[in-house]
Number of protein chains: 2
Amino acid sequence: MKKINAEQILWRPNKKSSVPLYQQIFQFVCNNVSRGQWPVGTKLPSQRSLSKLFEVNRSTITTAIEELTSYGIISGKSGAGTEVISNTWSLFLPTTTDWNKFIATGFFHENNNIIQEINRLEFEPDLIRLGTGEIDPSLFPQEMWQKVLNRLGTKVMSLGYLEPLGLLELREALADHLNAEGLNVDADNILITSGSLQALQLISAALLQRGSTVYTEAPSYLKSLQLFQSMGMELSGIPMDNEGIQYWKLPRVTNKFNNILYTIPTNQNPTGITMSMERRRSLLDFCIENRLPIIEDGAYQELCYDDGQPKTLKSWDKNDMVIYLGTASKTLAPGLRIGWIVASKPIVQRLGDVKMQMDYGASSVSQWVLTEFMNSGLYDEYLEELIRKLRNRRDRAVRSLSKYMSDIATWNVPTGGFYIWLTFKSKIKIEQFFEQAVKEKVLLNPGDIYDFKHSRSLRLSFAYITEDEFERSIKKLRRIYDK
Amino acid sequence: MKKINAEQILWRPNKKSSVPLYQQIFQFVCNNVSRGQWPVGTKLPSQRSLSKLFEVNRSTITTAIEELTSYGIISGKSGAGTEVISNTWSLFLPTTTDWNKFIATGFFHENNNIIQEINRLEFEPDLIRLGTGEIDPSLFPQEMWQKVLNRLGTKVMSLGYLEPLGLLELREALADHLNAEGLNVDADNILITSGSLQALQLISAALLQRGSTVYTEAPSYLKSLQLFQSMGMELSGIPMDNEGIQYWKLPRVTNKFNNILYTIPTNQNPTGITMSMERRRSLLDFCIENRLPIIEDGAYQELCYDDGQPKTLKSWDKNDMVIYLGTASKTLAPGLRIGWIVASKPIVQRLGDVKMQMDYGASSVSQWVLTEFMNSGLYDEYLEELIRKLRNRRDRAVRSLSKYMSDIATWNVPTGGFYIWLTFKSKIKIEQFFEQAVKEKVLLNPGDIYDFKHSRSLRLSFAYITEDEFERSIKKLRRIYDK
């Protein structure tokens, strides 16, 4: 086993550099390993002698060693001495690829910690998830699911690759479904995707350019925005009022190619706002006039609890102005990983080609499951029942808020979807509030992870938890507020 | 409706440019539409007057108009006059995004036509697909599938999002399965992907860099190579002999960061060659010495028909040198869209993070189906039977070749997988041969779509068609050859 002679190391960290000392040491070790100077099995000098050699604190060495260990480059054993255990893939991790650069920087950077904490805490079993934008697993239609699987057992005879656009039977069922909602499409206008997130990825990869600007509601949906940024797009948030996006506040739209508008007009995430009929019409006119194409995210379109909901933008679209996105994740089950893109045929063709190069299409099993749900009528039956239940949850949620929050906060009453956007009347320290709530076993989604600036809002979801859990959480929040 | 006054058009195509005239005209129309000079509904001048105006042949105008129509930018109606029908998304199509640039150029460019023809012809029902690298749909285990679905109907209670690495039960089942094959992994070393193609995409996005060189066997697997190119990697083909890749022919490996080797050591696609034990050991030593990390594609690893198959490279890997890829597509069903990446934990973690940003994980339904197949023992039972059947097919295929081809061609006898690599002793005109075969209702995969240079080889697959279909096709090929 090779041992490094500390005296032969001439390199020293640069104490005047803006790069932290531990990172310089980390990089120095990486370089020696990657150049082959320190092959696998090489023993590193002790932490004490490294600290002396580099003239830095012992804690700086410890941090560098921990970093190297977490990347799998050296073994973490101390005492017997640390040694090099990898000289290849692990060394690729710290390098900055385009992708990593984009996910590490930008827009959400300052909130990364709280988002990561939410992601982690979502797997803790005894927290009440007051902000989760998913449907309550207990609302999953188990009996229907069983029927559907039993039928597919005899109906599906093999599971080969499907056509580039996805299972024809599913696209036909979706076309019927969408036409009943006022669209005018056929199966060839539809591309099945592995969820809406992938739909955005396909559009970004095939139609947009690095540096395209994506205009969107502020606040808006966390994860789609990250995707755009990962693909090198710029984001620009446009304020909303109760009728939806205030498109007239868009910066003077230049004719620069490939800027777009991304909107969730119905039951918006996270505000719950539904764009009015009037706003929809004038937005479309504005976009036609300014040649600003639209991605309409219809994730919550089917979840309307009151009468008189305006139709999709796509249903008034005569000019190929709108690409419409749908998904089964918000109604039936996210685990299906099935979404759909509705657009003109040349667009759908192109996106389908790109999809084939990414993953050869979405799961055939998932596509068959959704097809059977739709064609059997079970989906409509389920949806009706789901809407009834979620309407109850919304009504109870609003009552709970009135009971505990009316003097200290304001909120909208959403006409559908999952979300109530609650804003405190006076400033609160949102991070402390979040931490305090976690201690009380309530997991929150603070508003500042959706907005371009910090805020004193919360995204409340009444979809994931029961009416009683919602009320109990609100009561707790009030108590925390009063402390 | 706005009508264009042809006399006001001052632009003329540049006849000295290397850009074809029709393309200049196409771009001119696009520009006018995208700038808003010609809004939706604008009527274009007649083809005759355009031809006069631009001083070009009528056929040039026709080509430009056809192109504009196919992109959905103008209506194809003639007679009544063509008009602008879109001013947005369709105009994004002709622009060169990074992605399109990569898929349009490079490596496979010259063969694009034949690949596209194969893709198209695969949907023709009465062709015998002698080259298709999929498992025969009639070998799908219908009864087992039915059992599995029935059990999942009662076992699975909801379909939410899964952990970033994929369903724990599946990863545990795979770990057991892989450990039985000589690996030494646990569930945290495994990331479930939406097929192997996505695995390559994740590795490219998260670990490689634009300009990284991917060394690989020549000839090699068509679609993975395209993926690398789409992501901006360079490809370099290394020759093979009967024991596998001749790594000593690698160009002098520089220490430039993030070059890698991609290999299918077992039952290689398309040659059917299995790397010898000796070659595996010396390749690993070479890669360790040169710090050249390896992606080992084990797609055909489980499909070995003879005794004494060497173990995976990964099973000898002590240095984190190998990322191993597995898939259910070649054994059970491509429609599941399930693959897996086996690597060290830090690598798996990082790739899992990137996957979550791409599509939130693979279909839960597919993951449950495979889990149930594996945990019930049905998968092993099925695999044993499948190997028996495919061994028969291979044996019959080799006999058919001996009967009809032994004086004019050579081939290997593969010890597993799907493929026999047939090489004609004398030169043939491969494109004519391909077309002639299609006329005789046989669809071929010519060797030159897998290789860096043209060749006189064919990839024959005995997996997709029956023994008799194979023999009949070979008989036909002999007849075509003799003509």
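Proteins come first, then strands; the chains are lettered A, B, ... in the order of their sequence lines, and each starts at number 1.
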Based on non-hydrogen pairs under 4.5 Å, which of B:Ser363, B:Gly72, B:Ala333 is most in contact with chain A? B:Ser363
The interface call for B:Ile295 against chain A, heavy-atom contacts under 4.5 Å, is both
Heavy-atom pairs under 4.5 Å with chain B - which of A:Ser194, A:Ala199, A:Ser90 has more of them than the others? A:Ser90
Select one option (side chain, backbone, both, neither) describing which atoms of B:Ile203 are under 4.5 Å from chain A's heavy atoms. side chain
Given B:Gly339, B:Pro164, B:Ser364, B:Gly361, the one with more heavy-atom pairs under 4.5 angstrom with chain A than any other is B:Ser364
Checking heavy atoms, do the side chain of B:Ile294, its backbone, both or neither come under 4.5 Å from chain A? backbone
Verdict with supporting geometry, B:Arg151 and B:Glu372, salt bridge (Lys or Arg N to Asp or Glu O under 4.0 Å): CA-CA 8 Å; B:Arg151 283 181 207 163; B:Glu372 186 59 34; 3.3 Å; yes
Sort B:Ala362 into side chain, backbone, both or neither according to what part of it lies under 4.5 angstrom from a heavy atom of chain A. backbone
Side-chain donor-acceptor contact under 3.5 Å, A:Asp359 with A:Gln198: yes
Do the charged groups of B:Glu134 and B:Arg129 touch, with an N to O distance under 4.0 Å? yes
All heavy atoms of B:Leu165 vs all of B:Gln349, minimum pair found to be CD1-NE2, 4.5 Å
Is it the side chain or the backbone of B:Ser86 that comes within 4.5 Å of chain A heavy atoms, both, or neither? both
Can you name the nearest heavy-atom pair linking A:Phe140 to B:Met157, along with the distance? CD2-O, 3.2 Å
Only one of A:Ser138, A:Pro137, A:Pro141 clears side chain to side chain contact (heavy atoms under 4.5 Å, CB included) with B:Ser158; which? A:Pro137
Under 4.5 Å from a heavy atom of chain A, the part of B:Glu163 involved: both
Can you say whether A:Leu152 sits under 4.5 Å from chain B via the side chain, the backbone, both, or neither, judging by heavy atoms? both
Please state whether the side chain, the backbone, both or neither of B:Ser329 comes within less than 4.5 Å of a heavy atom of chain A. side chain
What option among B:Val369, B:Ile85, B:Ile323, B:Val40 has the most heavy-atom pairs under 4.5 Å with chain A? B:Ile323
Taking side chain as everything from C-beta outward and backbone as N, CA, C, O, which of these in B:Leu336 sits under 4.5 Å from a heavy atom of chain A? Side chain, backbone, both or neither. both
Report the option among A:Leu162, A:Val322, A:Ile338, A:Asn150 that has the most heavy-atom pairs separated by less than 4.5 Å from atoms of chain B. A:Asn150
What's the separation between atom CG in B:Leu370 and atom CG in B:Leu167, rounded to the nearest 0.5 Å? 9.5 Å
Grab the two heavy atoms, one from A:Val84 and one from A:Pro39, that are nearest each other, plus how far apart they are. CB-O, 3.7 Å
Per-residue tally against chain B (heavy atom, under 4.5 Å) across A:Thr193, A:Ile260, A:Val148 peaks at A:Ile260
Give a yes or no on whether the backbone of B:Pro334 and the side-chain of B:Arg337 come within a donor-acceptor separation of less than 3.5 Å. yes
Can you tell if the side chain of B:Asn259 reaches within under 4.5 Å of the side chain of B:Leu292, non-hydrogen atoms only? yes
CD of B:Glu83 to CD1 of B:Ile74, rounded to nearest 0.5 Å, is 10.0 Å
Is A:Trp89 close to chain B through its backbone or its side chain, or both, or neither, when contacts mean heavy atoms under 4.5 Å? both
Quick check on the interface: out of A:Trp368, A:Tyr161, A:Tyr71, who has the most heavy-atom pairs with chain B under 4.5 Å? A:Tyr161
Part of B:Val33 within contact of chain A (heavy atom distance under 4.5 Å): backbone
